[in-house]
Amino acid sequence: MGYLVNRLIMTVITLFVILTVTFTMFRLMPGDPSVFFISPQMSTETIARIKAQFGLDQPIHKQFTNYLGSILHGNFGHSFFYKRPVLEVIGERLLNTIVLFLPAAIISYLVGVGLGRYMAWKRGGTSERVLIFTGLSFWTFFVPWLGLLMIWVLSYKFGLFPVGGMITPDKWLPGSTLLGRALDLLHHLVSPLVCYVLTWFAGNMLIMRNSMLETIGEDYILTVRAKGLSERKIRNKHAARNAILPVVTAFSMSIAYSIGGCVLLETVFSWPGIGRTMVDSVLLRDYPLAQASFILIATVVLVANLITDILYAYLDPRIRY
Amino acid sequence: MRIGTKRKFGLAHLLFKGISQEALGKIGIAIIILFGVMALVSPFVINIDPDVYDPLIGVDPLIFSSQGPTLTHPLGTDHLGRDVLSQLLKGSQIAFLVGITVGLMATLIGTAIGLISGYFRGATDSLLMRITDIILSIPSLPLLIMILCVFEHRGIWVIVMVLGLTGWPITARVIRSQTLSLRERPFVQSARVSGASDWRIILIHIAPNVLPLTFLYMTIGVTYAILTEAGLGFLGFSDPTISSWGMMLQWCFSTGHTFKALYWMIPPGLSISLLALSFYLVGYSLEREINPRLREP
Amino acid sequence: MAVLELKSLEMSYKTQEGTVRAIDGASLRVEKGDTVGIVGESGCGKTSIGLSILRLLPPNATIHGGQILFKGQNLLSLSGKDMRRIRWKNISMIFQAAMNALDPVYRVGDQLIEALVEHQNLTKKQASDKMEAVFQLVGLDPGRARNYPHEYSGGMKQRAIIAMSLICDPDIIIADEATTALDVLVQDRILASIEKIKAEFSMTMLYISHDIAVISEVCNKIAVMYAGNIVEHGDTMSLFKAPLHPYTQGLMHSFPKIHGKLERLEGIPGEPPRLTDSSPGCRFFPRCQQSLKKCNSIRPEFKEIEENHWVACHATRRSL
């Protein structure tokens, strides 16, 4: 229990740090949040009134507590560009990102662990060397470029998948079936998902392989072998079960890095997700939207980290008790 | 981890052996040399005729749109008639500059923090590791985008600094755990008993023994730097006054030439991926030398 | 028929420094109800013998000579599958607890049951009853079976490992440094438990240790090992009273006697040879003070000199 309470406290502290950093950054950025509404022709009173509307006339610590308060209430302000509440703009996009990110994370993990286990068990073969080289190549592949190559081959040359986007509007007209919609979404999801998994699985694979090789040398593996268990049971029930622990830790740590892939992939595949929203809004200097996007991306990572930590506690009795 | 007390020529020997024994390490070195040569050749190509071959402002007077490979432009030109090969060569210089500098910076910071944290333990350790954990759980690319937006003029050095100052946490964690185990070894204990100061023990007795690991994480840091700078470039957040590979791909993508001008789209992406891979291959070979359990029996 | 018999077993490891002849002719008999101790310095090949019997050697090791007979059947000629059936069911092993021999992610009781259900067709209830029975036998509270290894003390882990070795009622148990890493008091209590169980079930054991004091306490027969060879094998009593091999004599002299008059302890001068060297002569020759001319060139045969007392030494044979 102590472990989970600890993780929970750390998550809250991290969230606070993220909110503080965000607050500071967006106040340091060139151009006041009010530039969108203020033009030189305005009278000083009008400017003062607009500034007061944004709370910019108040002392900085007051601004900060106001900011914290409104964010904790889910109020991220109004988007300058869309002229709508930020949450309205962003809510759906957050969901779109999760639709891409969650399966990518799970598949990368499963594929990586499966291949790593296989590699460690079949040491020194050609298949191991091929897998290592392929894995490392994909791991260091420049994500947007891989995306572009995939679009070129799969969509442009062979027309197998859409060039980008998340849905074909024609197929989502009123009266379309749920199955039709789901298939359409899946059709759009395949390319970015495959691209994501290709650039992500190798990390898990190599860590699993190394961890498995370390575990195979452990004494308790000798014990279970002496007990007369079959190689398959030794591998799956004992070696892999123990080897998986460091992989979960490393996976948890890689989430914050890997979500960067979302930002890049959403741009390449025109996926209407939160990463792309953040990039666009920063470029447009739509600060409330950019700020909210960043905070929500960071929150997704924190929640994912927390889930993997809970999973870890479940997997390792030394932590649980 | 095979880390002894005294090993003569330790690091040099390890590097040579680790990299040269592995086929993958050799491939890595070969690719690094290839791009190194490209970086060195860059000024000579520009000097053929700066008006035509300067990666940013050199424009072929006869070409007004992106055109395929010719004798004068072996990799074709971009939408403004600038030479793609010249941009690519210049990009190699920038990749090395960013990669090596960031790799060095991040590794130095990470190693220092790891050594201090692991050696002093206690409150220092807790504080430093909590900070490390927090940085590790903030999404790096979005954070970098946000930090870079604070600067009105994003020079390449700003990007290098920001990447270097945020890229150290993993190294710090690994060096810390290594230091924790090293500080209990007899040779460190005996140094402590004989009255050596803490800093002397860290620098003379522990630091040399984490050096192989430090080097390993530097290669990973270089890979991280190259890929991240390229990612920032591709999104339009890198130094716009430099033809880095990420920017090249961004120009190609944003002007809609992705599938029309493969001679323009392929080279920068391939270069980013290959150079990133090469450093990783070197690191991978090194890891197998440092940790014998990973080698074949 | 002997429960276990080794006939001039030869085994070597391939390493970067060359081929290490870790076992270079080892012969041994374990009769039913015997506890045979293998004693020798670290690195002499004792542990390799234990692992060879269960065929659990690492991949770089090969057995290239001799036989391992279990109830007359050569284990070396069995298929992998048949060998797997013999492990634990017929021959089990007690590992060092300090070796982290229990899997950290499973409950201790479940690890015992795992061995049982692998070899016997039992219901859950039967298996768990059996597990509780062996827990009690070694002096562990069956209520602790639901705990994980990290919740056990070193002594408890060792008891659990002993319980696990008993669970399938094996014909012979191989104990490898079973009490070495424990502190003296715990070691004593566990040895007492082993003695008790041995007497109760007339267990057959092969007890491997570098600690001649422990060996002399537990075993009724001893095999002395030096640099991959078993150089002397016989009753504990006769070995202690009248050791025949010069190495055994040195070994006995390097131990203080608790009873009897105070003597100056003598060590054996010199170092054990590197096992990569293959000289044709006796491996103890460089350190032997009773060596003859031929000792350097001819390997002495392992011969039964008295009844149930084997020695491999040219000098000894002459003295009889």
Side-chain angles (χ1 to χ4, degrees), chain A residues 10-11 13-14 17-18 21-22 25-26 28-30 123-124 129 132-133 136-137 139-146 148-149 151-152 156 206 209-210 213-214 216-217 252-253 255-264 267-268 275 278-279 282-283 285 290-291 293-294 297-298 300-302 305, chain B residues 23-24 27 130 133-152 169-170 173 223-224 226-228 230-231 234-237 245-246 249-250 252-253 258-259 262 265-266 268-281 284 287 291 293-294 296-297:
Chain A
M10 270 311 287
T11 305
I13 295 177
T14 310
V17 170
I18 287 168
V21 168
T22 316
M25 286 299 156
F26 281 97
L28 289 175
M29 280 181 194
R123 301 203 57 183
R129 250 170 274 148
I132 288 179
F133 190 72
L136 285 175
S137 305
W139 181 244
T140 56
F141 230 103
F142 186 45
V143 181
W145 190 58
L146 181 62
L148 292 178
L149 288 181
I151 296 174
W152 179 54
Y156 198 75
L206 293 172
R209 168 181 174 272
N210 291 0
L213 291 179
E214 302 262 351
I216 289 171
S252 181
M253 287 202 294
I255 291 174
Y257 174 75
S258 300
I259 201 133
C262 262
V263 178
L264 294 165
T267 304
V268 173
M278 181 185 166
V279 171
V282 165
L283 291 174
R285 297 208 170 163
Q291 175 176 291
S293 312
F294 178 73
I297 293 174
V300 168
V301 172
L302 284 183
N305 279 340
Chain B
L24 292 181
I27 297 174
R130 291 301 81 76
D133 284 348
I134 289 175
I135 296 182
L136 264 179
S137 54
I138 301 181
S140 50
L141 193 65
L143 179 71
L144 291 169
I145 291 173
M146 226 175 54
I147 298 177
L148 287 175
C149 282
V150 172
F151 298 93
E152 229 154 331
I170 299 258
R173 281 183 73 121
T223 306
Y224 162 80
I226 290 171
L227 288 174
T228 310
F234 178 75
L235 294 173
F237 292 99
W245 291 334
L249 204 57
Q250 140 86 3
C252 178
F253 178 65
T258 314
F259 309 121
L262 289 180
M265 185 269 258
I266 300 281
L270 185 65
S271 301
I272 297 164
S273 306
L274 273 180
L275 192 59
L277 174 67
S278 66
F279 278 99
Y280 219 91
L281 289 178
Y284 175 80
E287 187 181 15
N291 188 349
R293 260 195 187 176
L294 303 179
E296 267 111 60

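By convention in this document, chain letters (A, B, ...) are assigned in the order of the sequence lines, proteins followed by strands, and residues within each chain are numbered from 1.
When heavy atoms are compared at a cutoff of 4.5 Å, A/I255 does not approach chain B at all. A/V300 does not touch chain B: none of its heavy atoms, backbone or side chain, sits under 4.5 Å away. In this structure, the portions of A/M25 lying under 4.5 Å from any heavy atom of chain B include both its backbone and its side chain. Using a 4.5 Å cut-off between heavy atoms, A/L136 contacts chain B through both its backbone and its side chain. B/L270 touches chain A through backbone and side chain together, each having a heavy atom under 4.5 Å away. Of the two parts of A/V279, the backbone and the side chain both hold a non-hydrogen atom closer than 4.5 Å to a non-hydrogen atom of chain B. Only the side chain of B/L24 comes within contact range of chain A, with heavy atoms under 4.5 Å apart. Of the atoms belonging to A/L148, heavy atoms from both backbone and side chain fall under 4.5 Å from chain B. Heavy atoms closer than 4.5 Å to chain A are found in the side chain of B/R173, but not in its backbone.
Taken to the nearest 0.5 Å, the CG atom of B/D133 stands 8.5 Å off from the CE atom of A/M253. In this structure, OG on A/S137 lies 7.0 Å from CG on B/L281, to the nearest 0.5 angstrom. To the nearest 0.5 Å, atom CD of residue B/E287 and atom CG of residue A/N210 are 5.0 Å apart. Atom CD1 of residue B/I266 and atom CG of residue A/L149 lie 5.0 Å apart, to the nearest 0.5 angstrom. Distance check: B/T223 OG1 to A/W139 CH2 gives 10.5 Å after rounding to the nearest 0.5 Å. With rounding to the nearest 0.5 angstrom, the CD1 atom of B/I226 is 9.5 Å from the OG1 atom of A/T140.
The shortest side-chain heavy-atom distance between B/F259 and A/I151 falls under the 4.5 Å cut-off. Looking at heavy atoms from C-beta onward, A/F142 lies in side-chain contact with B/L249 at the 4.5 angstrom threshold. Proximity of B/T258 to A/Y156: side-chain heavy atoms (C-beta onward) are nowhere separated by under 4.5 Å. Side-chain contact check for A/V21 versus B/L143: some heavy-atom pair is nearer than 4.5 Å.
The two residues B/P139 and A/F294 have their closest heavy-atom pair at O-CE1, 4.4 Å. Annotation for B/Y284 and A/I132: closest pair OH-CD1, 2.8 Å, computed over non-hydrogen atoms. Residues A/W152 and B/L262 come closest through the heavy atom pair CZ2-CD1, 2.9 Å. B/S137 and A/T14 get closest at one heavy-atom pair: OG-CG2, 3.4 Å. Of all non-hydrogen atoms in A/T22 and B/M146, the two that sit nearest each other are CA-CE, 4.1 Å.
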Derivation of the side chain to side chain contact (heavy atoms under 4.5 Å, CB included) call for A/V268 and B/F234: CA-CA 10 Å; A/V268 173; B/F234 178 75; 3.6 Å; yes
Go through the steps to decide whether A/L264 and B/L235 satisfy the test side chain to side chain contact (heavy atoms under 4.5 Å, CB included), and finish with yes or no. CA-CA 7 Å; A/L264 294 165; B/L235 294 173; 3.8 Å; yes
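Ring pair A/Y257/B/Y224 is tilted by interplanar angle, where 30° to 60° counts as tilted.
In terms of heavy-atom pairs under 4.5 Å with chain A, the best-connected choice from B/I135, B/V150, B/L141 is B/V150. With chain A as the partner, the residue from B/P142, B/A276, B/P169 showing the most heavy-atom pairs under 4.5 Å is B/P142.
Checked by atom type and distance alone, the side chain of A/W145 pairs as donor or acceptor with a backbone atom of B/M265 at under 3.5 Å.
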